[in-house]
Amino acid sequence: MDCYLGIDIGTFETKGVLADGQGRILATAKRRHDMIVPQPGWAEHDAEKDWWGEFCAISKELIATTGIAPGDIKAVAASGIGPCMLPVDEDGKPLMNAVLYGVDTRASEEIEELTAEIGEETLLAECGNTLTSQSVGPKILWLKKNRPELYARTHKVMNSSSFLVHRLTGRFVIDHYSASSSSPLYDIHANRWSDRYADRIIAPGRLPELLWSTEIAGHVTEQAAKETGLAPGTPVTAGTIDAAAEAVSVGVLGTGEMMMMYGSTMFIILVTDHRVEDGRLWYAPWLFEGQHACMSGTSTSGTLTRWFQEQFARELDAEEALRLLAEEAQGAPVGANGIVVLPYFSGERTPIHDPHARGVIFGLDLTHTRADIYRGFLEGIAYGVTSVIETYESAGAVIERIAAVGGGTRNAVWSQAISDASGKTQDVAANTVGAAFGNAFLAAVAVGAAGRQDIRRWNPMERRIAPQEENRAVYDARYRTFKELYARNSDLMRGAEQRTSDEA
C-alpha cells in the first residue's frame, strides 16, 4: 500500500498523519511541548528537542502503529510554525533557541530602524509587506546587534520546516511562501533573495536555497533513516509553514477562497489572482507558482484560552478543562453579560500591528461568573477576527468562501461567535486534523500520486456555521465597544510607557 507521511510542528504540539492514496487516515500521533518565554515579549522553541526530536518520535510511532513497511511511504512533507528565525552552523546545528513568529516582539527596535531607513512605501512595493513582529529580517538584525558572536558563526538562517528538511536530506532549502516572510530580504517580483540588504542585515548566501513547496528537496539520508524509521531514499518535499498546509488540507485552492485556522493564534489566508497591496495585511506568493496569498493573524487565541485555563480553572482536569469551560460558556448569554475582552495579551498582529497593545477585561461586576468571563474571552477573539475581515474588504479583497479548520471549530461558542460577529459563513470539512493532513496530501502531489483538486475528494465539506441574525445587534454593539476600548487603551499604554521612560 502506498502511503504519504505529513508532520507539522505547532506552537504547543507536533502532529503526524499517515494517509493512503485515497486520503484515508491510517494513523495519527502527537506530542506536546512548551513555548519557552525567557522574558516578556520573547517566544522560543528548542529546535533539537521540540522539532527534530518530536519529528523522529512521531515518524517511528506511525510506522509502528500501522505496521507498514517503511518503503511503503512514498513521500514525506513537513511544515511548522512560521516565520521563525533559527541560526545554524555548517552542520545545521542550532546556535540558539529558535525565535518564533509574530508572538516574539524582541525586534521592535530593529523594525522601527529599518522602517525609517527603507520607508513603508518602498517596503510594500519591494516585499509586499511592511515590517512587523512577523518579519524575519528585523529578527536577524537583532541577532547581529545583540548576539554578534552567534551571528558570526551563523552559516544559514532557517525556519522550522527548513530545519526538518535539512535533517532529513542534508540540504538547506526553504519554500517561497515561507521565504516571503523574511522581509525585507525576499524580492516578490523576481521570487528570489535580494542582495540589497546584504551588508545591513545578511547576505543571500547565508539563507537557504529557494524552492516551491511541492518540489522535491532531496531524499532521506542513511542517518535520518536510522533516527526516523523511514526508508533511505524516500522523497522529501521542500515543506512550508503550517498555516499554508492547513489551508490546503481543507481545500483552499482558488481565488477568493479563505482559510480560517483556529490554533494557538488565529491565522487567515486568502488566495488571490493578484497581489493585494495593503500594509495592514501580509503578502506571499502562494504554494503554487502564479498564485498569490493575502494573510493575517492574531497574536493570541488558543494561547489565551490555555492561559485562562491555567489561571482560573486549575481544579479542572487538564485534558478536559477546555471542553468543560466551553460548556460553561454555552450557558452564558450572547454578549457575555456585558463583558468585552481585548485579547491583546501578547500585543497584536493584524490589522493594528501593535506590540504594545495589552489585554483588557472590561465591564466586570460582582454578578459575573467564570462562564461569563470565559465567554467574553471567546467573543473578544471573535471581535479581533471581525476587524481582520473588515480590513480585507476595505483593501478590496473579495471573500467568496471561508473554510474553518483547527480544534477551535469544535467549540460551538467560539466558532459561532466568529460567524455572528463577522456576518460570514464558515465551512467545516470532515477532517480537521489540519496541517499534518495537508502535508500528507502535498507529499502525494509532489510525486504525482494526486492532483491539486483531489483534496476535495480526500476531505469533503461536512457542515456549515452560518451567522445567526438574532445575535447580530448584540455583537455589533459589543464590537463598537471593543474598538473604542483599543483606542483608549492604546493611548493609556503609550502614556504610561512615556512616563516610565521619562522617570528613567
Side-chain angles (χ1 to χ4, degrees), residues 10-12 35 41 43 81-84 100-105 129-130 132-135 181 241-244 246-247 258-270 278-282 284 293-308 340-361 374 376-395 397 399 402-409 411 413-415 417-422 424 426 434-435 475 478-479 482-483 485-486 489-490:
T11 305
F12 295 111
M35 182 170 72
I81 50 172
C84 299
L100 302 192
Y101 51 100
V103 295
D104 186 295
T105 59
N129 301 288
T130 55
T132 70
S133 62
Q134 193 80 346
S135 308
S181 297
I241 289 177
D242 56 357
E246 195 124 17
M258 172 180 279
M259 182 273 296
M260 187 175 294
M261 182 178 75
Y262 292 71
S264 301
T265 69
M266 296 294 296
F267 198 86
I268 299 171
I269 299 175
L270 178 68
D278 193 301
R280 297 171 296 175
L281 302 168
W282 301 312
C294 186
M295 302 160 299
S296 56
T298 66
S299 289
T300 59
S301 60
T303 51
L304 198 57
T305 60
R306 179 170 171 161
W307 176 85
F308 187 97
V340 177
V341 173
L342 285 185
Y344 304 149
F345 283 51
S346 188
E348 184 56 303
R349 298 191 288 174
T350 54
I352 60 176
H353 298 298
D354 185 357
H356 305 289
R358 291 295 178 266
V360 171
I361 306 173
Y374 189 64
F377 270 64
L378 299 176
E379 291 178 345
I381 297 167
Y383 302 139
V385 171
T386 298
S387 71
V388 171
I389 295 292
E390 288 183 348
T391 304
Y392 275 98
E393 293 178 335
S394 68
I399 303 168
I402 297 177
V405 66
T409 59
N411 184 320
V413 174
W414 187 1
S415 56
I418 286 180
S419 279
D420 290 349
S422 67
K424 301 294 184 183
Q426 302 172 74
Y475 282 128
R478 298 289 186 272
Y479 182 51
F482 176 89
K483 290 191 288 187
L485 273 175
Y486 169 66
N489 189 43
S490 179

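Values below: all heavy atoms of this structure, side chains included; hydrogens, waters and symmetry mates excluded. Numbers here simply count residues along the sequence, with the first being 1.
Minimum interatomic distance between Val405 and Glu246 (heavy atoms only, all atoms of both residues): CG1-CG, 3.2 Å. Across every non-hydrogen atom of Ala395 and Leu281, the tightest pair is CB-CD1, 4.3 Å. Taking all atoms of both residues into account, the shortest heavy-atom contact from Phe482 to Gly384 is CZ-N, 3.8 Å. Thr11 and Ser264 get closest at one heavy-atom pair: CB-OG, 3.4 Å.
In the model, Tyr486 has a side-chain atom that pairs as donor or acceptor with a side-chain atom of Asp354 under 3.5 Å.
Using modelled atom types, one side-chain atom of Thr130 and one backbone atom of Gly279 make a donor-acceptor pair closer than 3.5 Å. Within the 3.5 Å criterion, the main-chain N or O of Arg349 finds no donor-acceptor partner in the side chain of Gln134. Using modelled atom types, one side-chain atom of Ser415 and one backbone atom of Asn411 make a donor-acceptor pair closer than 3.5 Å. Although no hydrogens or angles enter the test, the distance criterion places no donor-acceptor pair under 3.5 Å between the side chain of Thr265 and the main chain of Gly297. Between the side chain of Ser133 and the backbone N or O of Gly102 there is at least one donor-acceptor pair closer than 3.5 Å. Looking only at distances, a side-chain donor or acceptor of Thr300 sits under 3.5 Å from a matching main-chain atom of Pro343.
A 4.5 Å side-chain heavy-atom check between Ile241 and Tyr101 finds every atom pair outside the cut-off. By the 4.5 Å heavy-atom criterion applied to side chains, Asp104 and Met35 are not counted as neighbours. The shortest side-chain heavy-atom distance between Tyr344 and Val360 does not fall under the 4.5 Å cut-off. At least one side-chain heavy atom of Met266 sits under 4.5 Å from a side-chain heavy atom of Ile418. In this structure the side chain of Trp282 reaches within 4.5 angstrom of the side chain of Thr132, judged on heavy atoms. Residues Leu342 and Arg358 form no side-chain contact, since every pair of their non-hydrogen atoms from C-beta on lies 4.5 Å or further apart. With contacts defined as side-chain heavy-atom distances shorter than 4.5 Å, the pair Ile81/Leu100 qualifies. Side chains of Ile268 and Ile402 form no contact here, defined as non-hydrogen atoms less than 4.5 Å apart.
Qualifying salt bridge (Lys or Arg N to Asp or Glu O under 4.0 Å) partners for Arg280, counting only residues two or more places apart in sequence or in other chains: Asp278. Legend: residues meeting salt bridge (Lys or Arg N to Asp or Glu O under 4.0 Å) with Glu379, ordered by chain and number and at least two apart, are Arg375.
Atoms OG and CG, from Ser301 and Leu378 in turn, are 10.0 Å apart once rounded to the nearest 0.5 Å. Once rounded to the nearest 0.5 Å, the distance linking CH2 of Trp414 with CZ of Phe377 reads 12.5 Å. Within the model, atoms CG of Asn129 and OG of Ser181 stand 7.0 Å from one another, a figure rounded to the nearest 0.5 Å. Distance OG/Ser422 to CD/Glu393: 9.0 Å, rounded to 0.5 Å. To the nearest 0.5 Å, atoms CG (Leu270) and CE (Met260) are separated by 10.5 Å. Interatomic distance, CE of Met261 versus CD1 of Ile269, reported as 7.5 Å (0.5 Å rounding).
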Side chain to side chain contact (heavy atoms under 4.5 Å, CB included) between Val340 and Leu485: does it pass, once the steps are laid out?
-> CA-CA 9 Å; Val340 177; Leu485 273 175; 3.8 Å; yes
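Ring geometry for Tyr479 versus Tyr383: interplanar angle of 30 to 60°, hence tilted.
For Phe345 and Phe308, the gap between ring centers reaches or exceeds 6.0 Å.
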